[in-house]
Amino acid sequence: MSGEWQRLDRRTLWLTAIYLLGLVVVAGVPTALLLLQGGVAAWLVSLVVGGGGLVLVTHGVLIDYVRWWYTEYRITAERVERRFTFVFRTHKSVPRERVRTVDINATIVHRLLGLASVRIGTGQQDMFGKVSITFDPLAREVGEALRAELPHKEDEGPEVELARLDRRWIRYAPVAITTPALGAGAFGLVMQLSEWFNVQVAVVDLIRDLFRELPLIPLLGVIVAIGLVLGAIGSLGLWVELWWDFRLSRQSGNLLVRRGLLTRRSLTLEERRLRGVEVVEPLGARLAGGARLDAVASGFTVSIDERRNDPRTLLPVAPRRLAHRVAAEILREPVVPTEAAALTPHPPAARRRRLLWAVGAAVGFALVLAVLGLLLVEALLHLAWISAVVLTPAAVWIALDAYRALGHGINGEYLVARRGSVRRSTVALRRDGIIGWVVTSSPLQRRAGLVTLTATTAANHGGYRIPDAGEAQALALADAAVPDLVAPFLDADQGAGVAPRQAARQPTP
Amino acid sequence: MTETRTVRLRPPRNPVERRAVTWWATRALAVTAAAAAVLAVLALLIGPLRPWLVAALVLVVVGGVAYAVAVPRIRYQVHRWEVTLEAVYARRGWFFQQWRIAPMSRIQTVDTVRGPLEQRFRLSTVTVTTASAKGPVRIDGLDHERAEELVRKLTAVTQATDGDAT
């Protein structure tokens, strides 16, 4: 940290060149094939594609050279600064005490060159989201030094490991939502490629010939099964790429997450910024007994630059008990707030609402199919009754499961709220991190005496919802969580009329 | 958390200006008129679709006028606000209703907005934000002077306290 103005790493030129070459290959090969197929002469194709590629790469590197030459940064005792002065000038400057997170990312190309991209995040927000400065690229050692140096420190201490990857956790990978998504993606890719190579009809025929013996419904079953197997393989690969060599540790008031096989990621999070943790159980993982941990903390760049995998994750899907134990360690609590709290269930009216939505959605979907079937093709009529028979019980199961999930309570310094079926989430939010309340109700909720309570906070997406709690329940919770805030606005009379009427009778000062 | 008696949020003390009803109604009618004008022009230009477009036009006008007559009145009953030494408390909405409470100590900014239509009715909208993206408390239908006074008061109180939990 010399305090002198200096440039980013010069090898950025290589980085840009390699990226653009890759782009040229990926975009150029299908284009060339398409042109050749269209009967364009080979010399012309190689001239257009090759020449275009050359121009793209050289210009890209030239532009990157300009960017590199005119971008300078410096880290002084007080500030982190980056400036760019060419034609126009920008100067970004952040006080060092405002630095909350230091993110290090290194793609496979970065790592081959010994480089890393470093993003320095603050807790401040401007019009475009949270403020951050990115240095891309720096030499890996320089990045590591910044991470060790920059975030605000409480005391120097040894690094304590809180969790490390257990390879057996990979068993949760195939039950993730990525499996059907990647499976569907694989089919899409096959179709796309066969279209480029102009063999789509041949591929469809080949598949039909291959399974000629099978009637339609088993054939669909086979295709779905193949898709799921491919998706599961993809999920395993993705899991390895994302979570390889995962470690969660604590050092001098910061939480550190390191992970990744090809792209190494590391995240430093100041513990002062932590407002709680969220135990997330996606349906597949939950049925397999797994849960994941997400940080509830201010200072993340959530609004912009959202990555494929959320940087908030502190622990990948792991056995549930372990997840709860790590949650307690992260919060430095002897008992696990997310587990120990006896959660108050919500009134039965909340279950009625869920059942109504579930049955309504399933029947509505079947009705749409039926109407389309009557108007267009008879086959849709069959699809309509099949989907009604299959979807209704599934929807009812999800509704009852979602109702069972609903619960809230207070455990020491934490407000604990649980909800959701497909994505069950149990959040433990520090009570002093709550910076306001929002109570919402629809006419149906008002008739059922329910409200949706939102605890607002500076962390993550701005608030945590407790849906369909009894009105008195919700207000008692709010009052207990943040004393003296709600109490002055409460009325404790019996059976008061509808709120608007009552409002009109209030005297005005 | 025993439910021995009915606890509910009481309405905030202050109603908004009575002329906010006219403002909301005017706004609704303006939107209706704009949508109706687009549909009318299209109906004139596109012959084959004319019956459908005229039907849509009638639907938009009837719906818009009904909204402009009914909803502002409901809003006037619901929209209320209150500022104490500890918190800002406001209620708004008509179908979905919202009660918002923001503690004074967590307020970050206080903004006043006067749209062109609001100007004509001498009304202002005051927005109080905290560090939460979900937390802003909006009070509309305030008289110009009343709004300025409110902003002055809020700014004075929030400058006296610190710590906004970012």
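All values below come from the heavy atoms of this structure, side chains included, with hydrogens, waters and symmetry mates left out. Here is the naming used below: chain letters follow the sequence lines, and residue numbers restart at 1 for every chain.
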Check the pair A:T457 / B:S132 against side chain to side chain contact (heavy atoms under 4.5 Å, CB included), numbers first and verdict last.
-> CA-CA 5 Å; A:T457 163; B:S132 160; 5.6 Å; no

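Taking CZ from A:F489 and CZ from B:R13, the interatomic distance works out to 9.0 Å, rounded to the nearest 0.5 Å. The CD1 atom of A:I435 lies 9.5 Å from the OG1 atom of B:T129; values are rounded to the nearest 0.5 Å. Between atom CD of residue B:E86 and atom CG of residue A:L485 there is a gap of 9.0 Å, rounded to the nearest 0.5 Å. B:K134 NZ to A:R465 CZ: the interatomic distance, rounded to the nearest 0.5 Å, is 8.0 Å.
At a threshold of 4.5 Å between non-hydrogen side-chain atoms, the residues A:V438 and B:Q98 count as touching. Contact check for B:V7 versus A:D479: no side-chain heavy atoms found under the 4.5 Å cut-off. At least one side-chain heavy atom of A:S441 sits less than 4.5 Å from a side-chain heavy atom of B:W99. Residues B:L9 and A:D491 form no side-chain contact, since every pair of their non-hydrogen atoms from C-beta on lies 4.5 Å or further apart.
Around the CZ atom of B:R50, the shell of radius 6.0 Å holds more than 12 heavy atoms that belong to other residues, nucleotides or ligands. In this structure, B:L85 places its CG atom where only 12 or fewer heavy-atom neighbours from other residues, nucleotides or ligands lie under 6.0 Å away. Remark: A:W357 CH2 is packed, more than 12 non-hydrogen atoms of other residues, nucleotides or ligands lying under 6.0 Å away. Sparse packing is recorded around CZ of B:R73, with 12 or fewer heavy atoms of other residues, nucleotides or ligands lying under 6.0 Å away.
A:D432 and B:R106 make their closest contact through O-NH2, 3.3 Å (heavy atoms, listed as atom of the first residue, atom of the second, distance). Closest heavy-atom contact between A:P443 and B:F95: CD-O, 3.1 Å.
A donor-acceptor pair is defined here as one N or O able to donate and one able to accept, closer than 3.5 Å; such a pair exists between the side chain of B:R10 and the backbone of A:P488.
Residue contact with chain B, scored on non-hydrogen atoms closer than 4.5 Å, involves the backbone of A:I434 exclusively.
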Report all side-chain donor-acceptor pairs from residues 53-64 of chain B shorter than 3.5 Å, counting only partners two or more places apart or in another chain.
none

